Every structure is written in structure tokens, then in C-alpha cells.
Amino acid sequence: RDGDPAEHHLYSDGLAQVSVFIEPLRPGVEPFSGPTARGAVSVYGRVMGGVQITVVGDVPPETVERFARAVRDPSGADG
């Protein structure tokens, strides 16, 4: 929804890029978890601490998963 706080982080080595989106879960919207791909673009979703984490990049699927799993819960609940 417009006005909801969201974060976007972009990482690049000059050839490939990875975007990490962190946004609040939305009521009535099914969260996205796990891997998927769209052509050469890999996508990985993860739900944690009331937020949706979505990582998108023109990198191998394992890379977007590692980025998604590296995001830490801002509430500190994940240790």
C-alpha cells in the first residue's frame, strides 16, 4: 500500500545486481516464501518478524537465498 514503510537495498559488483526489499506484511495478501525464477532473474521470499523479505537478482538462485537468509529481524528476536 502507498505510505507503508519499506526498505530497498541494492548491491552490485558492476556486472550483476541484487535488490533486497523489506516491507511490512499486508493483511489479506498471501506472503511469498521460497525460491522462484523469471528467466535469468532469481527471486527468493522469506517472512520474518512481521515483514516480507524479497530478494531479486540476475544471479544464481543460491545467491538470492543467501541474501534473504542474511537479513536479521530488526526486533532482535532472531538472536
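These numbers were taken from a predicted model, which means no experiment stands behind them.
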The single option from Asp13, Val55, Val56, Leu10 passing side-chain contact (heavy atoms from CB on, under 4.5 Å) against Val18: Val55

Residue pair Leu25 / Val51, side-chain heavy-atom distance below 4.5 Å: no

Path from Val43 to Ile22 over hydrophobic side-chain contacts below 4.5 Å: no

Ser42 side chain to Val59 backbone, donor-acceptor under 3.5 Å: yes

Test item: Gln52 side-chain N/O and Gly45 main-chain N/O as donor-acceptor pair under 3.5 Å: no

salt_bridge(Glu65, Arg69) N-O dist < 4.0 Å: yes

Nearest-0.5 Å distance that lies between atom OG in Ser19 and atom NE2 in His9: 10.5 Å

Parallel, tilted or perpendicular, as decided by the 30° and 60° cut-offs, for the rings of Phe67 and Tyr11: tilted

Under 3.5 Å donor-acceptor, Asp58 side chain and Gln17 backbone: yes

Point-to-point distance, once rounded to the nearest 0.5 Å, from CD1 of Ile53 to OH of Tyr44: 10.0 Å

Val41 with Phe32, same ILVMFWY side-chain cluster at under 4.5 Å: yes

Short side-chain to backbone donor-acceptor contact, Arg46 and Ala68, under 3.5 Å: yes

